[in-house]
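The analysis underlying the following values was restricted to heavy atoms, covering all of them including side chains, and did not include hydrogens, waters or symmetry mates. Keep in mind the model is a prediction, meaning the values are calculated, not measured.
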Amino acid sequence: MTIMPAKSSPAIARPKRSPPVLICGKCLSKIDGGKKLKQAMKAELKHAAAAQGGKRPKLVTTGCLGICPKRAVVTASAATLGRGEYVLVEDRKETGEAVRVLIEE
């Protein structure tokens, strides 16, 4: 009988960048000005990161997150998912407040 050696534990990496912010690609394609909303969100993340003195979180476009509001885009981050919350953004004017909620710890 052959005894398998014990598996080593997985390596853990701690990036210098903040955790990513997720944005629903399906919602972006459904609303008017989805591309501009994504650009505004990216810019707000950059400004927030500069104010905190770090790198901006990546804005990752995902598939459907399963909420599907009528006229909004679903976003989430590690902080909001940890609280069981999603942030709904209706237009570019709301991106500043949305980013504040998404990156607060």
(request) Go through the structure and list residues passing side-chain hydrogen bond (donor to acceptor under 3.5 Å, both in side chains) with T62, not counting sequence neighbours. (result)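 In terms of side-chain hydrogen bond (donor to acceptor under 3.5 Å, both in side chains), with neighbours along the sequence ignored, T62 is linked to no residue.
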
(request) Mind jotting down which residue pairs meet the side chain to side chain donor-acceptor pair (under 3.5 Å) criterion with at least one end in residues 14-26? Sequence neighbours excluded, please. (result)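 Passing the test, one end in residues 14-26: no pairs.
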
(request) Measure the shortest side-chain to side-chain distance between P69 and C27 over non-hydrogen atoms and say whether it is less than 4.5 angstrom. (result) yes

(message) Between T80 and T75, is there a side-chain heavy-atom distance shorter than 4.5 Å?
(response) no

(request) Could you grab the distance from atom NZ of K70 to atom NZ of K30, nearest 0.5 Å is fine? (result)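 Atom-to-atom, K70:NZ and K30:NZ are 8.0 Å apart.
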
(request) Tell me who clusters with I67, hydrophobic residues only, linked when side chains sit under 4.5 Å apart either directly or through other members. (result) L22, V60, L65, V74, L81, Y86, L88

(request) Sequence neighbours left out, what pairs pass salt bridge (Lys or Arg N to Asp or Glu O under 4.0 Å) with at least one residue falling in residues 89-103? (result)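 Qualifying pairs: E97-R100, R100-E104.
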
(request) Go through the structure and list residues passing salt bridge (Lys or Arg N to Asp or Glu O under 4.0 Å) with E85, not counting sequence neighbours. (result)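 Counting only residues at least two positions away or on another chain, E85 forms a salt bridge (Lys or Arg N to Asp or Glu O under 4.0 Å) with R83.
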
(request) List the atom of C24, the atom of C64, and the distance in Å for their closest heavy-atom pair. (result)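 Scanning both residues, the minimum pair turns out to be SG-CA, 3.8 Å.
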
Can you list, pair by pair, the side-chain donor-acceptor contacts under 3.5 Å of residues 40-59, counting residues two or more places apart and other chains?
none

